[in-house]
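A short worksheet on the structure shown next.
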Amino acid sequence: MNRKFSTILVTGGAGFIGTNFIHYLFGKAGFDGRVVNLDALTYAGNPENLAAVQKVHGGKRYFFERGDICDRALVEGLFDKYEVDAVAHFAAESHVDRSILGPEAFVRTNVMGTYTLLDVARKAWKGRDDVLFHHVSTDEVFGSLGDEGYFREDTAYDPRSPYSASKASSDHLVRAYHHTYGLPITLTNCSNNYGPYQFPEKLIPLMILNMVEGKSLPVYGDGKNIRDWVFVEDHNSAVWLVMREGRAGESYNIGGENEWENIKLLDRLMEIVSLKAGASVEDYRKLVTYVKDRPGHDRRYAIDCSKLKKELGWKRESSFEAGLARTVDWYLGNKPWIDSIRSGDYLKWIEANYKQR
Ligand code: NAD
Ligand code: DAU
């Protein structure tokens, strides 16, 4: 199997992983077709992330469309206008803490938005089998592990936050569209990503920036929750591999095989940032503050990605040390991006420059 696509509709391409995916497509992946980036530009999306792509390929092979994946007429129009033959569906509300504070947006975008895309694709593609709907999902749909074991593709779903419940619903819809209507789909469930362009409310960028700004480093609960970290480019190389070579109807787990207790990860991060920023690690350690735990905080995630490795020959390129060093360098070297995100100025700039459809 080696699928070829002419026009990929990337949803959520102005967010963290979607931005990196589009850079990857035009860079290392050597994709020679067109990319349409559909993004509503919520607080988490910034089209400036793709300014370099826009400059080289804008209007020829790269098209940015501001809009909501729940807007059926808009999505139908894009399928028609661009003759979309693949969807890489990244758009979502993605932050667990926000889902605890306000679940509604998660149900709307993650469930209704995914349904809308699936239904438009089904009708536009009318039984074709040379097309693909790829759904990007999370390991959080599997729930929480104890000290032993790994999430496999056949692990029963057990989502425990509004975020993971909405992602689990979207996964079920994607599979249902395959089984019921024969829509060609693939699905990936990935562990925690880190790397450039991640919105600084997630653990790694938040901690890097708080260190350099001398702010407290909030550790939830006892700091012993475990996450399996993968560099964003390795996640995206897996997504692209599955899109081209994965079996239709199948899901594949993606992970870093790289488990860290939050507190140990923070310790390593403090060492790296202190070296690069020329600051004292002891000063950083004084900033660590244990805070009230996240309600329903999943204890441990760990991915078994042997299916992806054995069946499709996927390999990670980045070691954790190299990936973390690149990530720290990126956050230390991109002050204007950070300042604009932190001040919220980029949202005003988006409103002035990109009309919502
Ligand atoms: P993100 O929050 O950084 O980006 C999400 C993007 O989706 C933003 O650009 C936002 O503007 C856009 N968006 C939100 N609602 C929309 C709507 N209604 N219509 C159109 N666009 C909308 O998220 P991310 O971390 O890049 O995650 C991308 C995908 O990967 C998500 O589906 C997430 O569930 C999944 N995932 C993330 C991780 C991780 O560690 N970040 C791990 C596994 C899976
Ligand atoms: O596992 C994949 C998931 O990883 C994705 O599906 C989500 O979209 C993504 O946000 C991420 O979810 P987490 O909840 O694991 O990521 P977060 O960065 O919010 O938190 C990582 C761990 O760090 C988690 O155990 C909570 C803890 N934490 C987080 C923050 C923001 C803290 O201790 N302090 C903090 O300030």
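Order of appearance sets the numbers: ligands from 1, and atoms from 1 within every ligand.
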Exercise. Quick one: is the NZ or CZ of Arg300 closer than 6.0 Å to the six-membered ring centre of Tyr150, and within 45° of its axis?
Worked result: yes
Exercise. Is the cationic atom of Arg98 (NZ for Lys, CZ for Arg) positioned less than 6.0 Å from the six-membered ring centroid of Tyr43 and within 45 degrees of its normal?
Worked result: yes
Exercise. Under a 4.0 Å heavy-atom cut-off, which residues neighbour ligand 2?
Worked result: Ser94, His95, Val96, Thr138, Asp139, Glu140, Tyr163, Cys190, Ser191, Asn192, Glu201, Lys202, Leu203, Leu206, Pro218, Val219, Tyr220, Asn225, Arg227, Asn262, Arg294, His297, Tyr301
Has the side chain of [X] got a donor or acceptor atom that lies under 3.5 Å from a matching backbone atom of [Y]?
| X | Y | value |
| --- | --- | --- |
| Asn192 | Asp228 | no |
| Arg152 | Ile303 | no |
| Asn262 | Lys224 | no |
| Thr114 | Met112 | no |
| Glu93 | Thr109 | no |
| Asn334 | Trp337 | no |

Exercise. Quick one: does Asp39 get a heavy atom under 4.0 Å from ligand 1?
Worked result: yes
Could you check [atom] against the protein and tell me its nearest heavy-atom contact, residue, atom and distance included?
| atom | result |
| --- | --- |
| atom 32 (O) of ligand 1 | Lys167 NZ, 2.6 Å |
| atom 35 (C) of ligand 1 | Val136 CG1, 4.0 Å |
| atom 10 (C) of ligand 1 | Thr42 OG1, 3.3 Å |
| atom 28 (C) of ligand 1 | Phe90 O, 3.4 Å |
| atom 42 (C) of ligand 1 | Ser191 O, 3.3 Å |
| atom 1 (P) of ligand 1 | Ser94 OG, 3.6 Å |
| atom 15 (N) of ligand 1 | Thr109 CG2, 3.5 Å |
| atom 21 (N) of ligand 1 | Ala40 N, 3.1 Å |

Exercise. Going by the side-chain hydrogen bond (donor to acceptor under 3.5 Å, both in side chains) test, which pairs reach into residues 12-36, not counting sequence neighbours?
Worked result: Thr7-Arg34, Thr19-Asn49, Lys28-Glu233, Lys28-Glu317
When only distance counts, is [X] in polar contact with ligand 1, meaning an N/O pair under 3.5 Å?
| X | answer |
| --- | --- |
| His89 | no |
| Ala91 | no |
| Leu38 | no |
| Gln198 | no |
| Cys70 | no |
| Asn193 | yes |
| Arg108 | no |

For [X], atoms of ligand 1 separated by under 4.0 Å from a heavy atom:
| X | answer |
| --- | --- |
| Gly45 | 8 (C), 9 (O), 11 (O) |
| Asn192 | 40 (O) |
| Leu41 | 11 (O) |
| Gly67 | 19 (N), 20 (C) |
| Ala14 | 9 (O) |
| Asp68 | 17 (C), 18 (N), 19 (N) |

Exercise. Can you name the residues that form a ring pair (Phe, Tyr, Trp, His ring centres under 6.0 Å) with Tyr346, not counting sequence neighbours?
Worked result: none
Seminar exercise, completed: Minimal heavy-atom distance between Pro295 and Ile100, with the atoms involved, is O-CD1, 3.8 Å
For this session: Return yes when atom CD of Glu213 has more than 12 non-hydrogen atoms of other residues, nucleotides or ligands closer than 6.0 Å, and no otherwise.
Result: yes
Exercise. Is the count of non-hydrogen atoms from other residues, nucleotides or ligands lying under 6.0 Å from Asp129 atom CG greater than 12?
Worked result: no
Exercise. Which pairs count as ring-ring contact (aromatic ring centres under 6.0 Å, His included) when at least one residue sits in residues 58-85, sequence neighbours excluded?
Worked result: Phe63-Tyr82, Phe64-Tyr354, Phe79-Trp125
Under-4.0 Å heavy-atom contact with ligand 1, by part of [X] that carries it:
| X | value |
| --- | --- |
| Tyr163 | side chain |
| Ser137 | backbone |
| Asn110 | neither |

Seminar exercise, completed: Filtering Ser164, Gly113, Gly18, Cys190 for the heavy atom nearest atom 43 (C) of ligand 1 leaves Cys190
Problem set entry | Winner among Ile17, Thr138, Thr19 once heavy atoms are compared against atom 37 (C) of ligand 1 | Ile17
Problem set entry | Pair Phe16 + Phe199: ring centers closer than 6.0 Å | no
Exercise. For the residue pair Tyr177 and Tyr115, does the interplanar ring angle fall in the parallel (under 30°), tilted (30 to 60°) or perpendicular (over 60°) class?
Worked result: perpendicular
For this session: Please report the C-alpha distance between Ser164 and Ser161 in whole Å, then the side-chain angles of each, then the deciding distance to 0.1 Å, and finally whether the side chain to side chain donor-acceptor pair (under 3.5 Å) criterion is met.
Result: CA-CA 5 Å; Ser164 54; Ser161 72; 3.1 Å; yes
Problem set entry | Partner of His89 by side-chain contact (heavy atoms from CB on, under 4.5 Å), out of Val174, Leu187, Thr11 | Thr11
Problem set entry | Flag side-chain contact, heavy atom, 4.5 Å: Ser191 against Glu259 | no
